[in-house]
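Notes follow the structure.
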Amino acid sequence: MFHDICISAGVTNGAALAGLVRGEHLSKEKIVEVDPDILMFSDYSSTQEGDSELFRKEVLDDPALQSIKAIKNKNIIIIKDRYRYAASQYIGDAICDIAQKTYPEYFDQINN
């Protein structure tokens, strides 16, 4: 479902490019191989609010990922966890949120 959301938002799903299938984890080696422009994480937190920001900082500081474009440009976006598998009428919200966070320059005129 998430791959379809990405396609509709005009975003290339790097995990799909890396051959990831449902239930598999994306290794750091695959992330480096794909060299994404943007890394996208959900705001899910199993312990406390703010975990996604701590995780974002850990990823930005990870020595193994310093060569990828997303890290060099500090381009990490956080989406609502419910948007990862939106399968209701709210799928439109997921598509719009991901598109706006990925390509904010195309939405600046609309939001102003």
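All values derive from a computational prediction rather than experimental measurement.
Side-chain atoms of Gln66 come within 3.5 Å of backbone atoms of Leu60 as a donor-acceptor pair (strictly under, hydrogens ignored). Panel note: side chain Tyr106, backbone Ala99; no donor-acceptor pair is recorded below 3.5 Å. Within the 3.5 Å criterion, the main-chain N or O of Ser42 finds no donor-acceptor partner in the side chain of Asp81. Without hydrogens or angle criteria, Asn73 side chain to Asn75 main chain gives no donor-acceptor distance under 3.5 Å.
Considering every non-hydrogen atom in both Phe2 and Tyr83, the closest pair reads CD1-O, 4.3 Å. Closest approach of Ser67 and Asp35 over heavy atoms only: O-OD1, 4.1 Å. Heavy-atom minimum distance, Ala9 versus Ile95: CB-O, 3.6 Å. Minimum interatomic distance between Lys74 and Arg56 (heavy atoms only, all atoms of both residues): O-NH2, 3.7 Å. The two residues Val32 and Ala64 have their closest heavy-atom pair at CG2-O, 3.5 Å.
With sequence neighbours left out, the salt bridge (charged side-chain N to carboxylate O under 4.0 Å, His left out) criterion links Asp37 to Lys69. Checked against salt bridge (charged side-chain N to carboxylate O under 4.0 Å, His left out), Lys30 has the following partners two or more places apart in sequence or in another chain: Glu33.
In this structure, CG on Leu65 lies 9.5 Å from CD on Glu29, to the nearest 0.5 angstrom. Here the CG atom belonging to Leu20 is positioned 9.0 Å from the OG atom belonging to Ser27, to the nearest 0.5 angstrom. In this structure, the separation between CE on Met1 and CZ on Arg84 is 13.5 Å, given to the nearest 0.5 Å.
Checking Thr102, Ile98, Ile5 one by one against Ile79, the side-chain contact (heavy atoms from CB on, under 4.5 Å) holds for a single residue, Ile98.
Applying the side-chain hydrogen bond (donor to acceptor under 3.5 Å, both in side chains) test to residues at least two apart or on different chains, the pairs with a partner in residues 2-12 are His3-Asn13.
Remark: Lys80 does not engage Asp97 in a salt bridge, criterion side-chain N to carboxylate O under 4.0 Å.
Placement of Leu17 and Ile31 in two distinct hydrophobic clusters is found when ILVMFWY residues are connected by side-chain heavy-atom separations under 4.5 Å, directly or transitively. When the side chains of ILVMFWY residues are joined at heavy-atom separations under 4.5 Å, either directly or via intervening members, Ile91 and Val11 end up in a single hydrophobic cluster. Taking hydrophobic clusters as Ile, Leu, Val, Met, Phe, Trp and Tyr residues chained together by side-chain heavy-atom distances below 4.5 Å, Ile71 shares a cluster with Phe55.
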Side chain to side chain contact (heavy atoms under 4.5 Å, CB included) assessment of Ile77 paired with Ile38 | CA-CA 7 Å; Ile77 62 174; Ile38 296 171; 3.9 Å; yes
